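Working notes, beginning with the structure itself.
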Amino acid sequence: MIKMLSIRMLLLTLGLVFVLPACLAADWDTLQPLMVIPDKSVLQETFSKSGPVKKTNWQNRQGTRWSVEDGVLRGRPSSEEYQASRTHHYGYEPRVSVPLTPPEFLTGFSFRFVGGEESDIVPFVEFGHHVCRVKFSSKGSFIIVDHETLKVAESDDFQYVPGKWYHALAELKGDEFVIQFVDGPVWYVKHECLAKANSSGGNGLGLAGPKDGTVELDNVSIWKIRSQVRRSWNKRRNLFDVMNPEPTGKEKKK
């Protein structure tokens with residue numbers, strides 16, 4: 001079996017050397033790509049310099065406000081003036097997407113949701129707008145796909161904790177998706193909609209925080225991937241417990 005690279009070794013191999021906070025570096029060492037082989041780096045962000053965000057890298061959504069502060073990318077809801085001017089998409093929750101995300105990718109990132117209120121919709125991390133969404137819930141978290149019409153993975157034990165840092169590694173190739181969390185689940189999903197994860201508004205990696213709360217992001221790394229998968233993948237994919245898709249009751253948008 002081929003020994004897979006830790007994130008830190010992966011960065012060294014790609015010539016992408018930067019310093020991570022000690023508490024996060026230890027966490028990243030436990031995450032390893034399972035399916036894909038990284039190729040060219042698309043984005044490496046440690047948010048060491050405070051100031052406004054690069055609009056080419058970070059697309060704020062629904063008028064929400066984002067800036068680099070205290071070594072993280074921090075998102076806040078839209079202003080009261082903005083909300084009063086709208087009839088929908090008020091920006092009650094900070095939302096952002098990364099249009100640089102390739103159609104097929106490997107991405108690692110740390111994030112947390114602070115304050116505010118959990119709802120049936122937020123907070124979440126998504127890959128492609130309304131394509132593949134990880135919904136965080138105090139009752140247990142889950143993955144919904146295809147405009148939130150199908151639940152395809154879940155864990156009652158992986159419960160949302162406000163203010164907690166989460167460390168994730170996500171891989172998408174074709175119609176297959178894998179996401180791992182430090183001290184959390186490893187989920188595998190296969191669905192035809194995943195091949196469209198970068199073909200609509202709010203492309204690529206995206207986050208939405210709790211209502212009237214904030215989002216903090218750190219150590220975001222995104223790579224393009226090679227055409228071939230890891231040699232071990234054909235055997236490894238068969239080891240996952242795959243959930244039978246469950247309709248959520250939500251109708252797909254036309």
Side-chain angles (χ1 to χ4, degrees), residues 27-28 30-31 33-36 61 73 75 93-98 101 104-114 116-173 175-191 193-198 200 202-211 213-222 240-243 245-248 250:
D27 289 326
W28 276 120
T30 68
L31 299 180
L34 301 178
M35 175 174 60
V36 305
R61 298 178 55 215
L73 175 62
E93 313 91 7
R95 296 173 181 252
V96 70
S97 62
V98 188
T101 310
E104 299 183 324
F105 59 79
L106 171 69
T107 178
F109 54 104
S110 296
F111 63 97
R112 67 174 179 170
F113 305 117
V114 181
E117 299 178 3
E118 174 189 341
S119 73
D120 292 340
I121 299 175
V122 294
F124 64 75
V125 175
E126 68 178 356
F127 304 88
H129 194 37
H130 295 295
V131 176
C132 180
R133 182 172 291 183
V134 180
K135 170 63 172 67
F136 289 83
S137 169
S138 57
K139 298 180 181 179
S141 301
F142 50 89
I143 296 180
I144 43 182
V145 300
D146 204 14
H147 289 267
E148 298 85 60
T149 59
L150 293 174
K151 182 190 291 187
V152 292
E154 63 181 350
S155 174
D156 293 340
D157 296 331
F158 190 49
Q159 297 174 348
Y160 165 54
V161 179
K164 175 183 176 180
W165 277 103
Y166 294 92
H167 313 287
L169 184 68
E171 311 167 55
L172 187 148
K173 181 171 178 59
D175 62 356
E176 295 183 287
F177 174 76
V178 179
I179 189 166
Q180 308 175 61
F181 294 92
V182 172
D183 298 324
V186 180
W187 284 323
Y188 167 67
V189 176
K190 182 178 174 66
H191 192 277
C193 76
L194 296 173
K196 305 174 183 179
N198 207 28
S200 63
N203 289 342
L205 171 65
L207 293 94
K211 183 177 180 180
T214 62
V215 176
E216 294 182 2
L217 263 170
D218 200 3
N219 295 313
V220 180
S221 300
I222 301 177
F240 288 102
D241 291 328
V242 179
M243 175 180 174
E246 294 182 0
T248 63
K250 182 175 180 179

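Here the structure is a predicted model, which is why all the values come from computation and not from measurement.
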Problem - Under 3.5 Å: donor-acceptor pair, side chain of Arg112, backbone of Gly163 - result: yes
Handout entry: Side-chain donor/acceptor of Gln159 to backbone N/O of Asp156, under 3.5 Å
Key = yes
Practice task
Evaluate the ring planes of His147 and His130, with Trp represented by its six-membered ring, and classify them as parallel (under 30°), tilted (30 to 60°) or perpendicular (over 60°).
Solution key: parallel
Exercise for the section: Output yes when Glu126 and Arg61 qualify as a salt bridge under the 4.0 Å nitrogen-oxygen rule, no when they do not. Expected result: yes
Handout entry: Any side-chain heavy-atom pair of Ser141 and Lys135 under 4.5 Å
Key = no
Problem - Thr149 backbone acceptor or donor facing Thr248 side chain under 3.5 Å - result: yes
Fill in the blank from the handout: CZ (Phe127) and CZ (Phe105) are apart, to the nearest 0.5 Å, by 5.5 Å
Exercise for the section: Verify, without hydrogens or angle tests, whether Ser110 (side chain) and Asn219 (backbone) share a donor-acceptor contact under 3.5 angstrom. Expected result: no
Handout entry: Salt-bridge criterion met for Lys173 and Glu104 (N-O under 4.0 Å)
Key = yes
Practice task
Would you indicate whether the side-chain heavy atoms of Phe142 and Val134 approach each other to under 4.5 Å?
Solution key: no
Problem - Between CD1 on residue Ile121 and NZ on residue Lys250, distance to nearest 0.5 Å - result: 6.0 Å
Handout entry: Expected output: side-chain Thr107 to main-chain Ala170 donor-acceptor under 3.5 Å
Key = no
Completion exercise
From the list Val125, Leu150, Val189, side chain to side chain contact (heavy atoms under 4.5 Å, CB included) with Ile143 holds only for Val189
Problem - Check: Ser138 main-chain N/O paired with Glu118 side-chain donor or acceptor under 3.5 Å - result: yes
Exercise for the section: Please confirm whether the backbone N or O of Leu34 pairs with a side-chain atom of Glu171, one donor and one acceptor, at under 3.5 Å? Expected result: yes
Handout entry: Pair Ile179-Leu169, side-chain contact (heavy atoms from CB on, under 4.5 Å): steps then yes or no
Key = CA-CA 6 Å; Ile179 189 166; Leu169 184 68; over 6 Å; no
Problem - Between CD1 on residue Ile222 and CZ on residue Phe109, distance to nearest 0.5 Å - result: 8.5 Å
Practice task
Assign the ring pair Tyr188 / Phe240 to parallel, tilted or perpendicular, where the plane angle (0 to 90°) is split at 30° and 60°.
Solution key: parallel
Exercise for the section: Answer yes or no: is there a side-chain heavy-atom contact under 4.5 Å between Phe111 and Asp218? Expected result: no
Problem - Ion pair check, Arg95 and Glu93, cut-off under 4.0 Å - result: yes
